[in-house]
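Values below: every heavy atom of this structure, side chains too, minus hydrogens, waters and symmetry copies.
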Amino acid sequence: MRYFLDLSYLGARFHGWQVQPGVVTVQSTIEDALARLCRQPVAIVGAGRTDAGVNARRMVAHLDLPQAVEPSERFLHSLNALCGPDIAIHSMRPVADDAHARFDAIERSYRYFVHTAKDPFCGPLSWQAPPMLDFEAMNRAAQSLLGRRDFTSFSKLHTDVKTNICDLRSARWVQTDATHWYFEIVADRFLRNMVRAVVGTLVNVGRGKITVPQVVDILEARDRCAAGESMPGTPLFLWDVKYPY
């Protein structure tokens, strides 16, 4: 029987989503908790692979169990207790046997949070930006990236994906008050390190280091060295994952 988990997590203490030898990851923590609860090994497949330190407001993962279980409040309470304080399992629901958390997802969105004045309440979940960033120019530069494009310039090198083509559907800076902003980006898929590299490049626009037309040149170069630095991971959130069902 296949199930979908809806969950969220604070990424600071994890070395990303995917299982890796010798380090604690979100996937390995949940799999260990499920194994203890179900008394058998349980593998899960996530909708994506967030990097070290990156958070998720909503992640979806699927798992298979040889026998149907009733995902009761007691079951979820026990699973949450075993996962620890930085992971929250919100729901577990049965789905079709061929439903796939990664391949069936039709859209993903991320948000990167920044603040332009010192704020002791933001902590690591928001990046303190220079106060004079030109967000209008950064928004124009973000719009120039929209469409189905090759995002090699914004991808970590030597990944195992077959293509670096992504359909970027939305990218915008949103102001929530006088000193707080977030960057929201929506696409069918994302490459490793892509969002943080895009944000780093747009920040260079905001600082006046590069122009809006140069962002298109960077995209078309298909060269990671041409883009901006990778921004810190802890202000980044996987915000939502959408499915056709």
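R102 is not listed as a side-chain neighbour of V60, based on a closest heavy-atom distance of 4.5 Å or more. The side-chain heavy atoms of T29 and D86, taken from C-beta on, include no pair separated by under 4.5 Å. Contact check for C166 versus R149: no side-chain heavy atoms found under the 4.5 Å cut-off. With contacts defined as side-chain heavy-atom distances shorter than 4.5 Å, the pair V215/I210 qualifies. In this structure the side chain of M92 reaches within 4.5 angstrom of the side chain of F75, judged on heavy atoms. At least one side-chain heavy atom of W17 sits under 4.5 Å from a side-chain heavy atom of V26.
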| Where do E31 and S28 land on the side chain to side chain donor-acceptor pair (under 3.5 Å) test, with the steps shown first? | CA-CA 5 Å; E31 288 183 348; S28 64; over 6 Å; no
| Are V198 and F183 close enough, and set up right, to give a side chain to side chain contact (heavy atoms under 4.5 Å, CB included), and what steps lead you there? | CA-CA 10 Å; V198 167; F183 177 63; 4.1 Å; yes
| said: Does I185 form a side chain to side chain contact (heavy atoms under 4.5 Å, CB included) with R111? I'd like the steps, not just the answer. | reply: CA-CA 7 Å; I185 186 168; R111 289 187 182 181; over 6 Å; no
| said: As a quick check of understanding, evaluate side chain to side chain contact (heavy atoms under 4.5 Å, CB included) for F190 and V195, giving each step before the final call. | reply: CA-CA 8 Å; F190 288 91; V195 179; 3.7 Å; yes
| message | Under the criterion side chain to side chain contact (heavy atoms under 4.5 Å, CB included), I'd like the reasoning laid out for F4 against L63: C-alpha separation, chi angles, the key distance, then a yes or no. | response | CA-CA 7 Å; F4 267 19; L63 64 140; over 6 Å; no
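Looking at S155 and T152, their side chains never bring a donor and an acceptor atom within 3.5 Å of each other. For Y9 and T50, the side-chain atoms include at least one donor-acceptor pair closer than 3.5 Å. A donor-acceptor contact closer than 3.5 angstrom links the side chains of D177 and H180. In the model, H115 has a side-chain atom that pairs as donor or acceptor with a side-chain atom of S126 under 3.5 Å.
Counted within 6.0 Å of NE2 on H90, heavy atoms from surrounding residues, nucleotides or ligands total more than 12; the atom is thus considered enclosed. For CZ of R36, the number of neighbouring non-hydrogen atoms (other residues, nucleotides, ligands) closer than 6.0 Å is 12 at most. No more than 12 heavy atoms of other residues, nucleotides or ligands sit less than 6.0 Å from atom CZ of R222.
Checked against the 6.0 Å centroid threshold, Y182 and Y112 do not count as a close aromatic pair. Between F135 and W181, a ring centre-to-centre spacing shorter than 6.0 Å is recorded.
Residue Q128 holds its CD atom at 8.0 Å from NZ of K118, rounded to the nearest 0.5 Å. In this structure, CZ on R108 lies 10.0 Å from CZ on R169, to the nearest 0.5 angstrom. Summarising the geometry, atom CG belonging to L5 is positioned 7.0 Å from atom CD1 belonging to I30; distances are rounded to the nearest 0.5 Å. Rounding to the nearest 0.5 Å places CD of Q27 at 9.5 Å from CD of Q20. T116 contributes atom OG1, which lies 8.0 Å from atom CG of L133 (distance to the nearest 0.5 angstrom). Rounded to the nearest 0.5 Å, atoms CE (M59) and CD1 (I89) are 11.0 Å apart.
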Donor-acceptor contacts under 3.5 Å from residues 226-245 side chains, at least two apart:
from: S230; atom 1: OG; to: N193; atom 2: OD1; distance (Å): 2.8
from: S230; atom 1: OG; to: N193; atom 2: ND2; distance (Å): 3.4
from: T234; atom 1: OG1; to: P124; atom 2: O; distance (Å): 2.8
from: D240; atom 1: OD1; to: R58; atom 2: NH1; distance (Å): 3.2
from: Y243; atom 1: OH; to: A101; atom 2: O; distance (Å): 2.5
from: Y245; atom 1: OH; to: D104; atom 2: OD2; distance (Å): 3.0

Extract all donor-acceptor atom pairs below 3.5 Å that involve side chains of residues 137-148 and protein atoms in other chains or at least two apart in sequence.
from: N139; atom 1: OD1; to: W173; atom 2: N; distance (Å): 2.7
from: N139; atom 1: ND2; to: W173; atom 2: O; distance (Å): 3.3
from: Q143; atom 1: NE2; to: A171; atom 2: O; distance (Å): 2.9
from: S144; atom 1: OG; to: A141; atom 2: O; distance (Å): 2.5

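The ring-ring contact (aromatic ring centres under 6.0 Å, His included) test applied to H100 returns H62, F103, not counting sequence neighbours.
For the pair D167 (side chain) and A187 (backbone), a donor-acceptor distance under 3.5 Å is absent. Side-chain atoms of R189 come within 3.5 Å of backbone N or O of I165 as a donor-acceptor pair.
By the criterion of side-chain heavy atoms lying less than 4.5 angstrom apart, applied directly or through intervening Ile, Leu, Val, Met, Phe, Trp or Tyr residues, L76 is grouped together with V95 in one hydrophobic cluster. V174 and V114 are not part of a single hydrophobic cluster, where members link through side-chain heavy atoms under 4.5 Å apart. Cluster annotation: I44 and V19 are assigned to distinct hydrophobic clusters (Ile/Leu/Val/Met/Phe/Trp/Tyr, side-chain heavy-atom contacts under 4.5 Å, transitive). A single hydrophobic cluster is seen to contain both L65 and L79, as judged by linkage of ILVMFWY side chains at heavy-atom distances under 4.5 Å, directly or through other members. V212 is connected to V199 through a chain of hydrophobic side-chain contacts under 4.5 Å among Ile, Leu, Val, Met, Phe, Trp and Tyr, so both are in one cluster.
Salt bridge absent: R2 and D97 never bring a charged side-chain N and a carboxylate O closer than 4.0 Å. Between R196 and D51, at least one side-chain nitrogen of the basic residue sits less than 4.0 Å from a carboxylate oxygen of the acidic one, meeting the salt-bridge criterion.
Between R13 and C83, the closest heavy-atom pair is NH2-O, 4.2 Å. When every heavy atom of T211 is checked against every heavy atom of V205, the shortest pair comes out as O-CG2, 4.2 Å.
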